Amino acid sequence: MDAVALRWAVVRGNAEVAPGVFLLRAEGAFRARPGQFYMVRAWERDPLLFRPLSAFDLSPGEISFLYGVRGRGTRLLSRLSPGEELELLGPLGNGWPEPPGRLALVGGGLGIAALYLAAKAFGGADVYLGFPGRPFLVEAFREVAAGLRVASESGEGGERGLVTDIFSPEGYDACYACGPRPMLAAIWEACRRAGVALFVSLEERMACGLGACLGCTVFTKDGPKRVCRDGPVFRAEEVFDA
Amino acid sequence: MDAVALRWAVVRGNAEVAPGVFLLRAEGAFRARPGQFYMVRAWERDPLLFRPLSAFDLSPGEISFLYGVRGRGTRLLSRLSPGEELELLGPLGNGWPEPPGRLALVGGGLGIAALYLAAKAFGGADVYLGFPGRPFLVEAFREVAAGLRVASESGEGGERGLVTDIFSPEGYDACYACGPRPMLAAIWEACRRAGVALFVSLEERMACGLGACLGCTVFTKDGPKRVCRDGPVFRAEEVFDA
Amino acid sequence: MPDLSVRIGSLTLKNPVLVASGTFGFGADYARLYDPSRLGGVVTKAITLEPRRGNPPPRLWETPCGLLNSIGLENPGVEAFLREELPRMRALGTAVVVNVWGETPEEYAELAQRLSVPGVDAIELNLSCPNVPGKGLIGSSPAGTARVVRLCRRATGLDLWAKLPPEGDVLAAARAAEGEGATAISAANTFRGLAIDIRTGRPVFANVTGGLSGPAIKPLALRLVYELSRAVRIPVIGIGGIAGWEDALEFIMAGAHAVQVGTGNFIDPLCAPKLVRGLEKFLAERGMESWEEVRGCAHRGGIPGAA
Amino acid sequence: MPDLSVRIGSLTLKNPVLVASGTFGFGADYARLYDPSRLGGVVTKAITLEPRRGNPPPRLWETPCGLLNSIGLENPGVEAFLREELPRMRALGTAVVVNVWGETPEEYAELAQRLSVPGVDAIELNLSCPNVPGKGLIGSSPAGTARVVRLCRRATGLDLWAKLPPEGDVLAAARAAEGEGATAISAANTFRGLAIDIRTGRPVFANVTGGLSGPAIKPLALRLVYELSRAVRIPVIGIGGIAGWEDALEFIMAGAHAVQVGTGNFIDPLCAPKLVRGLEKFLAERGMESWEEVRGCAHRGGIPGAA
Ligand SMILES: Cc1cc2nc3c(=O)[nH]c(=O)nc-3n(C[C@H](O)[C@H](O)[C@H](O)COP(=O)(O)OP(=O)(O)OC[C@H]3O[C@@H](n4cnc5c(N)ncnc54)[C@H](O)[C@@H]3O)c2cc1C
Ligand SMILES: Cc1cc2nc3c(=O)[nH]c(=O)nc-3n(C[C@H](O)[C@H](O)[C@H](O)COP(=O)(O)OP(=O)(O)OC[C@H]3O[C@@H](n4cnc5c(N)ncnc54)[C@H](O)[C@@H]3O)c2cc1C
Ligand SMILES: Cc1cc2nc3c(=O)[nH]c(=O)nc-3n(C[C@H](O)[C@H](O)[C@H](O)COP(=O)(O)O)c2cc1C
Ligand SMILES: Cc1cc2nc3c(=O)[nH]c(=O)nc-3n(C[C@H](O)[C@H](O)[C@H](O)COP(=O)(O)O)c2cc1C
Ligand code: FES
Ligand code: FES
């Protein structure tokens, strides 16, 4: 069983990389596998719970998170300044498996947060990113991707359209995807037809993050599974109707 | 009826003037009479309520509060840094009356917060301050007081003892006092004997601060009174058993 | 501009936002901050036949996102209310609802009768004050509720709002009130709670328990309003933890015709008028002209056309 | 060093801090953070005769200082529990209390009988799960409670803790449980609450209502425990919104023999062991050797000698 720790970390930076999207950097030596996440908080009792965020990047002495401002929790995170502290519980979840061969990483919107570390760790992967608005962090991905294609609504920073328009599973041994459910479903459709193994990272509301409360359960073909402990990464055939 | 406003003010400074005692300065043009207070907050819903604090000082473009860290609310206030904002509802309460002649101001502990503006506004008053620990802001009071005497437990910064040891009402037309209940009771005893008019500033837990909720009621000889609206300043014979 | 007005019995409120009994005095205090004519109505502090001085301090205790109070019905009595306060309240420019509390059903009826004067728009029967030493809650028994409403119904032609406690058999009490001619159900009063001062080991209030209000209780009050709005046909007025327009909207979606803001006034003194604006904006943005489609939509599969 | 231990029926807990059913799994998850042997005991997620998959997502919804849940009894069933989980739980080094839920009193009895094996220290009868579609709460009726406890009392020699809902006639249900041989009363489960998603106008949970837990309910649960500890002679175990040692102490002062931490585990995963340390420090600083003087002191005028 992996060790999990509850730690405080000092904020180093919290830059708005796109409207409502922040890259939060914090100090400390952290170990997480690609696709794992942390439960994050920087408040006392309101809101009550931690917020799950994927480890976006790790470097010696630093961890970073890429997050969008959605509600109260992420709004409070976005107000953090360097020197302030946040609480981190993790690393949590299974993370992406070791890739079996040629790998495509497909991310939609903030789903790209779960893929950067994968691109970095699993060298040689092609990366496909889709953005509803203006693309962000494309240059960072370019540095770690074997190939990179970007889709956006306006075509800015790449091609016009959805990430599902520019991605085809042909030629890959596996695809790892993270993003909104309809995007995952479309990619599953394509991978299933092409016979390419698809792994997806899911999101559910979480209370404990550790596997104890059964708040994040999804129903799969193999029975109920906890996104926080059995996931967040699942084989697509487990969670989508084939 | 006095106008009351709800306003945001930017913090200019928040210095710890003694262990656990802070002087919070905020920007803006405020008008309050000596002895009036503001309902203050710098948080969302936890804690739920504003905290009542006396206007310690006013100068053109600035208001300040002197407060001790007691619980959650004052602890949150103590963490405010310059540039951050606080919400102020006020000015509230009746404040000290115009003094009838020779005036003594008697403060114990953080009760001194309600007296500085009075010393400044009602020139020529003698000030008596008592501190359980090390005295603070004595120099500020010296500048505005006609006469100043200080008592503390160790004798540091003045005489050893309680403020009730160094204060005698003889020769005054009125005495205004703020501090812990036992101190007020002792001063009432002395003033009653000497036939000197005593006014005291009381504290009760408050929800609205405006007079609407009846949460801060004290029972007086003239019936129930609201500390926030009918007070916080009361004639001593109203609130103490003669 | 959408029409925010709502009809409760014989009364048309200009909007569904009222301020709750005991949290807004008689309106003058908050009038120093804003014009109460922006509100749908003001509910007074509970009025009793004789003046009462209420409970000794402390009367307030904060809890996580909640407030315990033990005010205990301090009020000047009906005579002084009619003489001193009502004339001022008539000038507020909004509906005046007088909250009353009696020791017996007969006292309620006497209050209702004496308050049947111009300027009083409705009477709210406080069947649920948890803070009177030695008194149970009339409103937690359907029979007690029925008796109070019946006697008051005979004593006055004014609209009668039955304000129920959130505990006990509330649905049965509401049906009993409806059966006896109540115009509306106000749901709910505070929940009975307790705090102990760990420095002394004693309950903080002389009366031991207090009434819990504020955002903490919102999910509980909302559940109650949802159930009540199905249990009775008369309008339900939602009360409990409303501190933003989103909260008010939840109550309306659960079936409330109107809402009352209590502790929300203390969290933000401008809470109530902000609610009015927020609700108006919501309707306008959705292109809705009135409350029809939204009120009670949680019972009908949601807002028409929402994903 | 004060003696923190407490006796509940035949069981001696090393300290009065347990973790509540459904919030700590079977102990292994939090064991990655700290050693559960520091706790007085672990209460399992509710076990049923057959495996259950529970309710569809979403199952959680945050409210001000509270948490609504609609888990719906997901669990592997008693057989898998005995085979897979119990052996691991025996190694935790603390008391193991198995929370059970049945559709009928007979199911409870069968569960109690099958769980009467080495390694199970007590059985907590969950008479109060608010989240099962179409099911009322057995524990809100004294007769239902009595019947469950009676059958279970015949089926097992283990201690039986009756876990009651916080609503309904709880005092009568507790007396009924005591009368039928329950060892302790666990008070309480979650309160029934509701949330509506204002974007859709629909209740957020498929099952409409959920159970409210967390600091928001603390004053309500504390009031209940205060009343229960006077209503029955068997120990009361206080549950509801405990998130710090001060909260736990309030419950003990109100008369609880032990407490359970539920949502507090989510607010701070180290909440429970911190509670143990905080309580120990409190007793030590006051020079008290045991819980005698503190437990229930709120009924007796407070801590002896406090101002
Ligand atoms: C394993 C995992 C990893 C994630 N990684 C990222 C990431 O790297 N970057 C990022 O921007 N977002 C990520 N999310 C989503 C992120 O957790 C939510 O956007 C966030 O919790 C919203 O909190 P809030 O207080 O701002 O929103 P609110 O809507 O106010 O939150 C209310 C409640 O809903 C929950 N919630 C709301 N949206 C989601 C969601 N999509 N998934 C889960 N819970 C939700 C919150 O946790 C909270 O309990 C991840 C989610 C999961 C489960
Ligand atoms: C009119 C008035 C003027 C005041 N002026 C000052 C001042 O200038 N400087 C200063 O240091 N203190 C002043 N106080 C006291 C100050 O309001 C409390 O110390 C403060 O509210 C404590 O809040 P907390 O959250 O830190 O403490 P907590 O104990 O956590 O507060 C819990 C609750 O108790 C209330 N409370 C606690 N102590 C008091 C108290 N003594 N009086 C009223 N309510 C209390 C809080 O408002 C809150 O509702 C004043 C009080 C009143 C009524
Ligand atoms: C300080 C205070 C005083 C109250 N006094 C009364 C009262 O006199 N009559 C009454 O019916 N309700 C009274 N209530 C209850 C409120 O009207 C309201 O029902 C309750 O607070 C729940 O709403 P909230 O959560 O918005 O505060 C009082 C509440 C508070 C907080
Ligand atoms: C996610 C979750 C799951 C729960 N599951 C159970 C359960 O299976 N059986 C039970 O008796 N109580 C269950 N409860 C209730 C808790 O054990 C506890 O009684 C309640 O949450 C109140 O305590 P708290 O405020 O400390 O959380 C659950 C509570 C939560 C939050
Ligand atoms: S969040 Fe608790 S089990 Fe996943
Ligand atoms: S604080 Fe509300 S009346 Fe004084």
Side-chain angles (χ1 to χ4, degrees), chain C residues 61 63-68 166-169 191-203 208-212 214-227 241 243 245-254 282 293-294 296-307, chain D residues 61 63-68 166-169 191-203 208-212 214-227 241 243 245-254 282 293-294 296-307:
Chain C
W61 195 266
T63 70
C65 291
L67 175 64
L68 282 168
E167 295 150 312
D169 195 347
F191 288 72
R192 283 188 319 123
L194 174 69
I196 292 172
D197 186 337
I198 59 167
R199 288 164 309 179
T200 63
R202 286 191 293 266
V208 183
T209 60
L212 185 67
I217 65 168
K218 192 194 72 173
L220 308 181
L222 187 67
R223 194 258 308 155
L224 199 63
V225 165
Y226 180 87
E227 291 175 355
W245 66 267
E246 298 93 336
D247 301 322
L249 192 57
E250 273 189 273
F251 277 87
I252 293 171
M253 288 173 160
F282 173 85
E293 290 172 277
V294 175
C297 70
H299 296 278
R300 303 185 300 260
I303 307 177
Chain D
W61 196 266
T63 70
C65 292
L67 175 64
L68 282 168
E167 295 150 311
D169 196 347
F191 288 72
R192 282 188 319 122
L194 175 68
I196 291 173
D197 186 337
I198 59 167
R199 288 163 310 177
T200 63
R202 285 191 293 269
V208 183
T209 60
L212 185 66
I217 65 168
K218 192 195 72 173
L220 308 181
L222 188 66
R223 194 258 308 155
L224 198 63
V225 165
Y226 180 88
E227 290 176 355
W245 67 266
E246 298 93 336
D247 301 322
L249 192 57
E250 272 189 272
F251 276 87
I252 294 170
M253 288 172 159
F282 173 85
E293 289 171 274
V294 175
C297 70
H299 297 278
R300 302 185 302 260
I303 307 177

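FYI, side chains are in, hydrogens and waters are out, and symmetry mates aren't considered; it's all heavy atoms of this structure. Just so it is clear, the structure is predicted and the values come from calculations on it, not from any experiment.
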Count the heavy-atom pairs under 4.5 Å between each of Gly66(D), Ala195(D), Pro304(D) and chain C, then report the option with the highest count.
-> Ala195(D)

Can you tell me how far the CD1 atom of Ile198(C) sits from the CD1 atom of Ile252(D), to the nearest 0.5 Å?
-> 11.0 Å

If you measure from CG on Leu222(C) to OG1 on Thr209(D), what distance do you get to the nearest 0.5 Å?
-> 11.0 Å

With a 4.5 angstrom heavy-atom cut-off, could you sort out which part of Glu293(C) is near chain D: side chain, backbone, both or neither?
-> neither

Hey, what do you get for CG (Leu194(C)) to CD (Glu250(D)), rounding to the nearest 0.5 Å?
-> 7.5 Å

If every non-hydrogen atom of Arg192(D) is compared with every non-hydrogen atom of Arg223(C), which pair is closest and at what distance?
-> O-NE, 3.0 Å

Is chain C contacted by the side chain of Val208(D), its backbone, both, or neither, given a heavy-atom distance below 4.5 Å?
-> side chain

For Leu220(C) and Gly193(D) the tightest heavy-atom approach is CD2-CA, 4.2 Å

Going from CE on Met253(D) to OG1 on Thr200(C), what distance comes out if it is rounded to the nearest 0.5 angstrom?
-> 7.0 Å

Partners meeting side chain to side chain contact (heavy atoms under 4.5 Å, CB included) with Ile217(D) (sequence neighbours left out) | Phe191(D), Leu212(D)

Checking heavy atoms, do the side chain of Leu68(C), its backbone, both or neither come under 4.5 Å from chain D?
-> side chain

Sorted by chain and residue number, the side chain to side chain contact (heavy atoms under 4.5 Å, CB included) partners of Ala298(D) (sequence neighbours excluded) come out as Ile196(C), Pro203(C), Tyr226(D)

Identify which of Gly168(C), Ala216(C), Pro64(C), Ala254(C) forms the greatest number of heavy-atom pairs closer than 4.5 Å to chain D.
-> Pro64(C)

